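Before any comments, here is the structure.
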Amino acid sequence: MIELRGITYQPATCSTPVLQGLNLALKEGQLGLVAGASGCGKTTMLEVICGLAEADQGEVCWQGQALNGRQRRWLCGLVFQFPERHFLGLSVGQELKVGHRRLSADDANAVLELVGLAGLSLQQPPEQLSGGQQRRLALAVQLLRNPKVLLLDEPTAGLDWEVRGEILAMLQALAKERAVLVVSHEPDLFRGRIDACWRLETGQLNPYDALVRDK
């Protein structure tokens, strides 16, 4: 289980905390959603969870144990809203091999199939992929790290309806083996598909059960 315990974070450029005493718990095998308007701090929250930022107060815990930033970076995989800004490889194959020098073509193709990119050429430049394909590639890169916690920032934003449905179904499947936490300003898309939901407003998290699927 991943837990936030009293997380408070105030960037140096802000006069008040962006996150104020956040509490959250999400188990392995669950798909969770944090809803909120653009600019409310959702991305900042993900950065704190995965160790890219350090909270001023509170703890991020895994299985009841508080983790430092390095431990959180090993535990979590983060897919950004605009993954193309973070690609390092000149080809799909090179991008998948970042941090995996001995990645075989078979393993690369297997993870591409897992995220719905079966048959994609490993020689294809990432910038030539569609927005939906770029997000799937970024997801494949993280899955190769085998994270226990998968974090996704606005994974459906800007995609057409068919691709959105495919992404949502894929996230449900991936959540069977890990904790998956999504942040979105379009929460209604996730109605009936999620196991836990919160709304982030004025720096605080509150339960938002209206979208949670029936058990």
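All values reported here derive from a predicted model rather than from experimental measurement. The first residue of the sequence shown is numbered 1, and numbering continues consecutively from there. Hydrogens, waters and symmetry mates are skipped; everything else that's a heavy atom, side chains included, is used.
Separation of atoms CG (L31) and CZ (R178) is listed at 12.0 Å; rounding is to 0.5 Å. Between L4 atom CG and L26 atom CG the span is 9.5 Å, to the nearest 0.5 Å. To the nearest 0.5 Å, atoms CG (L174) and CD (Q172) are separated by 10.5 Å.
For E113, the CD atom sits in a loose shell: 12 or fewer heavy atoms of surrounding residues, nucleotides or ligands are nearer than 6.0 Å. The environment of CD in E162 is sparse: at most 12 heavy-atom neighbours from other residues, nucleotides or ligands sit within 6.0 Å.
Annotation: side chain of V34 is not in contact with side chain of V182 (no heavy-atom distance under 4.5 Å). Within the 4.5 Å cutoff, no side-chain heavy atoms of Q94 are placed close to those of K97.
E54 has a carboxylate O that lies under 4.0 Å from a charged side-chain N of R72, or vice versa, which qualifies the two as a salt bridge.
For the pair R164 (side chain) and T156 (backbone), a donor-acceptor distance under 3.5 Å is present.
A side chain to side chain contact (heavy atoms under 4.5 Å, CB included) with I2 is found for exactly one of L181, L75, L151, namely L75.
For the residue pair Q124 and E95, no side-chain donor N or O sits within less than 3.5 Å of a side-chain acceptor on the partner. Q133 and R136 are not linked by any side-chain donor-acceptor pair at a separation below 3.5 angstrom, with hydrogens and angles left out of the test.
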For residues 5-12, run the donor-acceptor check on the side chains, cut-off 3.5 Å, and write out each pair with its distance to 0.1 Å, sequence neighbours left out.
| residue | atom | partner | partner atom | Å |
| --- | --- | --- | --- | --- |
| R5 | NH2 | E3 | OE2 | 3.1 |
| T8 | OG1 | G21 | N | 2.9 |
| Q10 | NE2 | C14 | O | 3.0 |
| Q10 | NE2 | S15 | O | 3.3 |

